[in-house]
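Structure record follows, encoded as structure tokens.
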Amino acid sequence: MKFPNSDKPVVMSDSAEKNSSASGQLPPKIEFPTDYPIKIVGDASDEFKAQMLAIVEQFAPGVDASTVSVQDSRNGRFRSLRVTIRATSEQQLKELFAALKASGHVHMVI
């Protein structure tokens, strides 16, 4: 197999070929613990950062607030928060994402 418009071959391992299916490839498996970046998008408000960090701290204590970045959308209606946590399990991530979405202030968690 080759990339379109390229002479370079695509190399797939046997395990990658076995894990791919007609509908696409399976997502990569995450090895825990790991530093895991999260982007949280919600309505712009002065309290958004503090509210989201309080939720994140419940599931991933010790987040360095100085490394958190906040960006407003072009029109100022939305705010995104980028934070990196120390993820210890898939269950931790699922529970964190659910808590963020349940807060009523979040539109999307990536």
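Values reported hereafter were calculated over all heavy atoms of this structure, with side chains retained and with hydrogens, waters and symmetry mates removed.
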Item to check | salt bridge (Lys or Arg N to Asp or Glu O under 4.0 Å) involving Asp46 - partner list, sequence neighbours excluded | outcome: none
Checklist entry - Any link between Leu96 and Val41 through a network of hydrophobic side chains (Ile, Leu, Val, Met, Phe, Trp, Tyr) touching at under 4.5 Å? => result no
Next on the checklist: Distance check, rounded to the nearest 0.5 Å: Leu100 atom CG versus Gln58 atom CD?
Outcome noted: 9.5 Å
Next on the checklist: For Ser73 and Asn75, which I'm curious about, is there any donor-acceptor pair between the side chains at under 3.5 Å?
Outcome noted: yes
Checklist entry - Do you know the tightest heavy-atom contact between Gly42 and Phe48? => result N-CZ, 3.6 Å
Next on the checklist: By the salt bridge (charged side-chain N to carboxylate O under 4.0 Å, His left out) test, which pairs, at least two apart or in different chains, include something from residues 89-110?
Outcome noted: Glu90-Lys94
Next on the checklist: Applying side chain to side chain contact (heavy atoms under 4.5 Å, CB included), can you list everything that pairs with Arg74, at least two apart in sequence or on another chain?
Outcome noted: none
Checklist entry - Considering all heavy atoms of both residues, which atom of Gly76 and which atom of Ala44 are nearest to each other, and what is their separation? => result O-CB, 3.3 Å
Next on the checklist: Test side chain to side chain contact (heavy atoms under 4.5 Å, CB included) on Val109 and Ile38; report intermediate values, then the result.
Outcome noted: CA-CA 7 Å; Val109 179; Ile38 298 173; 3.8 Å; yes
Next on the checklist: Can you tell me if Arg86 has over 12 outside heavy atoms packed within less than 6.0 Å of its CZ?
Outcome noted: yes
Checklist outcome for this item: Looking only at heavy atoms, the pair that brings Tyr36 and Leu93 closest together is CD2-CD2, 3.8 Å
Checklist outcome for this item: Minimal heavy-atom distance between Thr88 and Gln92, with the atoms involved, is N-OE1, 2.6 Å
Item to check | Under 3.5 Å: donor-acceptor pair, side chain of Arg79, backbone of Gln71 | outcome: no
Checklist outcome for this item: Here the gap from Ile110 atom CD1 to Ile40 atom CD1, rounded to the nearest 0.5 Å, amounts to 10.5 Å
Next on the checklist: Return the CE to OG distance between Met108 and Ser80, rounded to the nearest 0.5 Å.
Outcome noted: 9.0 Å
Checklist outcome for this item: So the side-chain hydrogen bond (donor to acceptor under 3.5 Å, both in side chains) pairs with at least one residue in residues 59-69 (sequence neighbours excluded) are Asp64-Ser66
I'd like a table of donor-acceptor pairs (distance under 3.5 Å, sequence neighbours excluded) in which one partner is a side-chain atom from residues 49-57, with atom names and distances.
unit_1	atom_1	unit_2	atom_2	d
Glu57	OE1	Gly62	N	3.2
Glu57	OE2	Gly62	N	3.4
Glu57	OE2	Val63	N	3.0

Next on the checklist: Applying ring-ring contact (aromatic ring centres under 6.0 Å, His included), can you list everything that pairs with Phe78, at least two apart in sequence or on another chain?
Outcome noted: His107
